[in-house]
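Just so it is clear, the values below take in all heavy atoms, side chains as well, and ignore hydrogens, waters and symmetry mates.
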Amino acid sequence: MEEYSPQKIDKKWQKYWEENKTFSSRVNTNKPKFYVLDMFPYPSGAGLHVGHPLGYIASDIYARYKRLLGFNVLHPMGYDSFGLPAEQYAIQTGQHPAVTTKTNIEGGVDNEGNKIIGYRKQLDKIGFSFDWDREIRTSDPNYYQWTQWIFKEIFNCWYNNKTQRAEKIEKLVKCFEKEGNTNINAATNYDKVFSSSDWKDFKEEEKQEVLLEYRLVYLSNTWVNWCPELGTVLANDEVKNGVSERGGHPVEQKKMRQWCMRITAYADRLIKDLDNLDWTDAIKDTQKNWIGKSQGASIFFKTNGEKRHTIEVFTTRPDTIFGVSFIVLAPEHELVKKITTKDQEKVIKKYQNSSKLKTERERISNVKITTGAFTGAYAIHPFTNKKIPIWIGDYVLANYGTGAVMSVPCGDQRDWEFAKQFSLDIPNVFKDKDLSKGAFTEKDATIINSKFLDGLSVKEAIKLAILNIEKKGYGKGKTQYKIRDAVFSRQRYWGEPFPVYYKGKTPYILKEENTVKLPEIDKYLPTADGSPPLARAQKDSWGIDYPGDRMEYNTMPGWAGSSWYFLRFMDPNNEKEFVNKEIANYWQNVDLYIGGAEHATGHLLYSRFWTKILYDLNYIPFNEPFQKLINQGMIQGNSRFIYKLKSEVTNHTNPIYFSKSIVEDLEKRKADPIEKFKEKLKKTSLYYVNQKTINLLYESLQSYVSKIHVDINLVSGYELDTQAFKKSRKEFNKSEFVFEDEKFLCPGEIEKMSKSKYNVQTPDALVEKFGADTLRCYEMFLGPLEQHKPWDIQGITGVEGFLKKLWRLFYKDNKLNISNDEPTKQELKSIHKAIKKTQEDLERYSFNTPVSIFMICVNELSTLKCNKKAILSDLCLIISPYAPHICEELWQKLGNKESISFAKFPKHNPKYLVENSHKYPVSFNGKMRFILELSVNSSKEEIEKQVIKNEKTLKYLEGKTPKKVIVVPGKIVNIVV
RNA sequence: GCCCGAGUGGUGGAAUUGGUAGACACGCAAGACUUAAAAUCUUGUGACCAUCUGGUCGUGCGGGUUCAAGUCCCGCCUCGGGUACCA
């Protein structure tokens with residue numbers, strides 16, 4: 001018999017698909033389209049582990065399934081190839097990041113001589129149906145010229161709040177020329193007013209300065225997250241818990257002139273349009289919280305000094321305006337200097353310095369400690385004209401709202417604590433609310449002590465307060481967002497250069513046709529004066545003539561290239577446009593997008609933002625990039641540990657290892673006398689050290705060993721292969737082991753999968769052993785796609801066995817044996833049940849359950865000894881998205897000439913599933929007692945009659961009369977006694 | 001703190017709209033084939049009680065709605081994720 005040999009079949013069909021371009025996709029208006037996309041990977045030197053393909057396998061199954069349903073499927077793959085690791089590696093080794101990147105994708109050898117298999121080869125082995133002719137790399141100039149082009153487009157537009165969309169900057173210029181900026185309602189921080197003649201009198205440089213304030217991408221002196229270790233600024237989503245997401249380095253706040261993208265202009269649309277997306281609530285909520293819309297009012301407080309300054313505060317609770325007893329400014333607030341009185345100057349300076357020294361992390365960890373300082377100045381309450389003290393405190397953030405709050409200690413816990421700390425007034429504006437233990441932060445209260453707001457509910461009071469504030473000109477109703485404009489420049493080399501040059505301080509965009517390629521530089525480090533690496537480039541190495549003093553030295557952030565790559569996949573080789581509009585019109589947005597949830601506030605938000613801009617500018621006909629999103633769970637590693645004796649304990653030369661049970665199972669070890677412990681050491685040189693040391697080890701072994709990761713490939717089951725361990729590295733060569741019952745066991749612990757933890761399971765090894773189909777089915781069989789789960793190959797043999805069994809259906813007595821006979825009723829029922837369930841499950845994106853369905857069907861058909869061509873054909877078809885190699889092979893054995901990809905998914909026929917009878921579970925008071933088989937055509941009454949007269953029923957009734965009999969035809973019978 | 005999500009056998013998990021809890025696998029046990037191993041096949045496998053027929057309990061905990069609850073409602077507990085002086 002021809003054995004099932006996955007290795008052979010895998011290669012054969014992967015080659016066939018590549019040569020025949022089986023999965024190439026073209027615009028075809030006669031066919032409905034379907035766009036399936038994975039979040040493209042960053043090609044790191046570590047290569048793929050089994051967690052990476054999880055999402056790719058699911059999306060590939062869906063793509064193949066949709067193809068069988070007759071859809072024209074777009075299923076591309078590429079690389080997000082700009083990024084930090086390649087640059088760090090370049091700094092260390094001098095290797096150009098482009099070279100590292102290429103090796104990581106295509107395979108080769110790295111600088112230390114390690115073999116790199118390459119992402120592409122690893123992916124190919126799993127048998128994905130990608131259309132590789134569409135491959136893109138964000139670091140390829142042919143790609144990033146269009147990233148630069150999009151930047152130019154964003155630079156050349158502004159956001160019109162009246163029309164709620166981005167518009168060309170030329171239109172704004174025309175308005176300025178005609179009537180100045182008085183009638184313009186734009187998303188901008190620019191607050192000066194000018195007339196048309198003012199505009200005309202502006203010098204060119206001034207005009208550019210003004211326009212820069214209106215553009216959707218602009219240069220601005222803002223507070224940024226500066227990471228000294230990485231030598232660059234970071235966006236908010238790249239900072240987690242006060243440290244950089246990559247590398248975990250401290251991050252501090254710094255005011256720098258940086259490029260910013262005006263994502264705040266789109267805040268409202270980014271929230272509203274979530275409603276139309278098929279995403280989980282979890283990820284929608286994450287984005288909503290990140291954008292952080294809050295409604296309230298901004299209110300002006302005048303100071304009472306000689307110079308009357310105005311402090312603008314933002315509050316969501318204008319109803320508590322009469323509860324204000326002080327004002328707190330952020331320590332960095334620009335008014336602090338101006339209003340601080342002479343006698344308070346020292347205190348304020350000191351406080352400002354101390355808060356400047358705190359890193360973001362310290363600020364967060366010291367949340368509980370209330371600190372602040374009094375400026376000596378007072379503000380005047382707009383409604384009561386009372387004097388209220390002005391303080392500074394670092395619980396007020398400089399970069400949220402206006403950097404100033406009106407403190408209402410009765411209604412805000414932090415204000416309450418601040419008031420307690422510094423013995424400030426706590427006036428109560430809530431009826432019958434106790435403030436002795438904390439502020440009253442709920443909203444179910446009646447307002448008192450508040451003049452015109454007295455007696456109102458919070459909700460009513462908010463409305464009326466805003467009305468009055470606006471009427472008297474003390475402020476206005478306002479919507480505030482937590483999200484800040486996204487910092488768009490990075491002080492790095494390995495990113496997209498800006499198509500920008502400077503004349504003096506004014507930035508200008510290069511002409512349309514110019515692409516700025518990354519120039520060669522001597523070192524990938526910042527210059528001596530702290531300029532980014534690109535400042536090292538010689539003027540002529542930029543390869544273009546620019547009419548200014550210098551080029552922009554910053555590069556774009558990692559999210560630039562990934563914000564629009566799904567568009568380029570539609571039309572990857574277009575040399576004239578970033579994407580042809582007709583083509584974009586055919587493919588539309590991504591129907592199914594699969595990737596990790598960690599991109600919720602980064603990539604996913606930025607892509608939506610750019611898509612909306614390009615939509616506003618009429619380049620694409622849709623305003624959301626990803627219609628349906630699935631976040632696959634993380635596959636965690638199963639780390640193994642051994643315990644190394646610290647060398648300072650004895651002066652032994654060989655490394656000595658203990659297993660977990662000896663070290664950590666203290667009670668068990670102590671149950672044995674010390675002689676027994678010494679016995680265990682017999683095989684090692686430790687046996688010969690002095691008794692005192694052995695006593696020490698016996699008493700407190702734990703403090704003399706260090707727990708180290710051991711490569712999971714050296715462990716089978718729980719047992720460490722000590723011989724292989726010795727051979728695995730030079731320094732392990734002379735290892736000695738303290739055995740426990742002849743074995744060295746290392747039980748696992750669940751951790752993130754990573755190279756440094758030696759717990760990485762590569763797909764390559766598994767494909768080699770079991771074949772791609774087994775790996776594909778098994779990764780799906782592991783559990784729901786969205787769920788996090790530890791990697792464990794225990795169950796893989798079950799899936800392997802299923803595929804072998806499938807293969808055997810085609811053989812009898814060592815020969816291929818397929819019959820053309822009519823299938824039996826039972827056979828038809830089995831396959832049609834499977835067709836129906838598979839389709840239903842895939843339609844609801846349940847990727848794990850179809851594997852069970854296949855197993856059941858194959859088991860049933862095996863029992864029936866079914867070898868009918870009609871049945872086996874349908875079986876191959878439904879399994880083929882999961883196990884394409886074996887199904888192509890068997891499909892061919894069934895006599896088909898074309899790839900199974902071009903076949904049609906079978907339609908289940910309900911007539912084969914019709915049952916004549918139904919097995920009714922009969923329950924008494926909800927407890928199932930026995931099963932009664934009755935005709936499906938039986939009426940309710942008939943069923944009841946049959947059940948009642950059944951002798952088993954009589955038994956369970958124990959002579960009582962049933963109170964009620966519930967019959968659900970086709971389902972159950974329940975008798976209430 | 002706030003916002004999401006999840007808790008089911010020894011293990012991974014199934015149960016789509018309330019209707020036979022534990023599908024399908026792994027593991028384990030017994031058996032067949034084999035000199036042996038691998039492979040394959042058969043049987044059993046939630047817990048407890050019972051010689052069997054069978055019974056009792058059982059989906060994190062406590063209550064409720066219902067003829068019927070893993071599923072719906074209320075109150076908790078634990079774990080995971082996001083976010084965090086956001087005014």
Item to check | Presence of A/Tyr481 side-chain N/O under 4.0 Å of B/rC86 phosphate oxygens OP1/OP2 | outcome: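 For B/rC86, neither OP1 nor OP2 has a side-chain N or O of A/Tyr481 closer than 4.0 Å.
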Next on the checklist: Taking 4.0 Å as the cut-off, does a side-chain nitrogen or oxygen of A/Arg929 come that near to OP1 or OP2 on B/rG55?
Outcome noted: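 Yes, within the criterion.
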Can you tell me, in whole Å, how much space there is between the [atom1] of [N] and that of [M]?
N	M	atom1	result
B/rA38	B/rU59	P	40 Å
B/rU71	B/rC61	P	11 Å
B/rG60	B/rG5	C1'	15 Å
B/rC76	B/rC26	P	43 Å
B/rC67	B/rA25	C1'	36 Å
B/rG10	B/rG22	C1'	14 Å
B/rG18	B/rA69	P	13 Å
B/rC48	B/rG58	C1'	10 Å

Checklist entry - When you match A/Asp415 and A/Asn925 each to their closest nucleotide on RNA chain B, which lands nearer the 5' end? => result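 Comparing both residues, the 5'-ward one is A/Asn925.
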Checklist entry - For RNA chain B, whose closest nucleotide is more 5', that of A/Val973 or that of A/Ile966? => result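 That would be A/Val973.
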From [options], nucleotide with atom closest to [X] side chain:
X	options	result
A/Arg808	B/rA15, B/rC41, B/rC3	B/rC41
A/Asn974	B/rU83, B/rC86, B/rG19	B/rG19
A/Thr849	B/rA87, B/rU83, B/rA15	B/rA15
A/Phe781	B/rC86, B/rA25, B/rA87	B/rA25
A/Thr286	B/rU20, B/rA87, B/rG82	B/rG82

Checklist entry - Measuring from A/Gln787:CD to A/Met634:CE, what's the distance to the nearest 0.5 Å? => result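 Separation between the atoms: 13.0 Å.
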Measure from [atom1] on [X] to [atom2] on [N] and round the result to the nearest Å.
X	N	atom1	atom2	result
A/Ile856	B/rA14	CD1	P	13 Å
A/Asn859	B/rA23	CG	P	13 Å
A/Ile283	B/rU83	CD1	C1'	13 Å
A/Arg844	B/rU17	CZ	P	8 Å
A/Glu944	B/rC67	CD	C1'	12 Å
A/Gln787	B/rA14	CD	P	7 Å
A/Tyr778	B/rC24	OH	C1'	13 Å
A/Lys789	B/rG13	NZ	P	8 Å

Checklist entry - Is B/rG9 in the syn range, within 90° of 0, or in the anti range? => result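 This nucleotide is in syn.
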Next on the checklist: Check this for me, if you would: do A/Lys940 and A/Glu944 make a salt bridge, where the nitrogen-to-carboxylate-oxygen distance has to be below 4.0 angstrom?
Outcome noted: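 Not counted as a salt bridge, because no side-chain N and carboxylate O are separated by less than 4.0 Å.
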Checklist entry - Salt bridge check: are A/Lys829 and A/Glu860 linked by an N-O gap of less than 4.0 Å? => result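 Result for this pair is no, no salt bridge flagged.
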Base, sugar-phosphate or nothing for [X]? Non-hydrogen atoms, less than 4.0 Å.
X	result
A/Val976	sugar-phosphate
A/Tyr956	sugar-phosphate
A/Lys837	base
A/Lys927	sugar-phosphate
A/Ile931	base
A/Pro784	sugar-phosphate
A/Met928	base

Checklist entry - Is the A/Phe418 ring parallel, tilted or perpendicular to the A/Phe326 ring (thresholds 30°, 60°)? => result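 Ring orientation of A/Phe418 relative to A/Phe326: parallel.
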Item to check | Counterpart base for B/rC79, defined by Watson-Crick or G-U wobble contacts under 3.5 Å | outcome: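 Answer to the pairing question: B/rG5, which forms a Watson-Crick or G-U pair with B/rC79.
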Item to check | Ring-face cation of A/Arg608 near A/Trp279 (centre distance under 6.0 Å, axis angle within 45°) | outcome: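 Yes, A/Arg608 lies over the aromatic ring of A/Trp279.
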Checklist entry - So, does the side chain of A/Asp285 form a donor-acceptor pair with the base of B/rC4 at under 3.5 Å? => result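 Side chain to base: no pair present.
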Polar side chain donor-acceptor pair, [X] to [Y], under 3.5 angstrom:
X	Y	value
A/Glu933	A/Ser917	yes
A/Lys812	A/Asn867	no
A/Glu417	A/Gln421	no

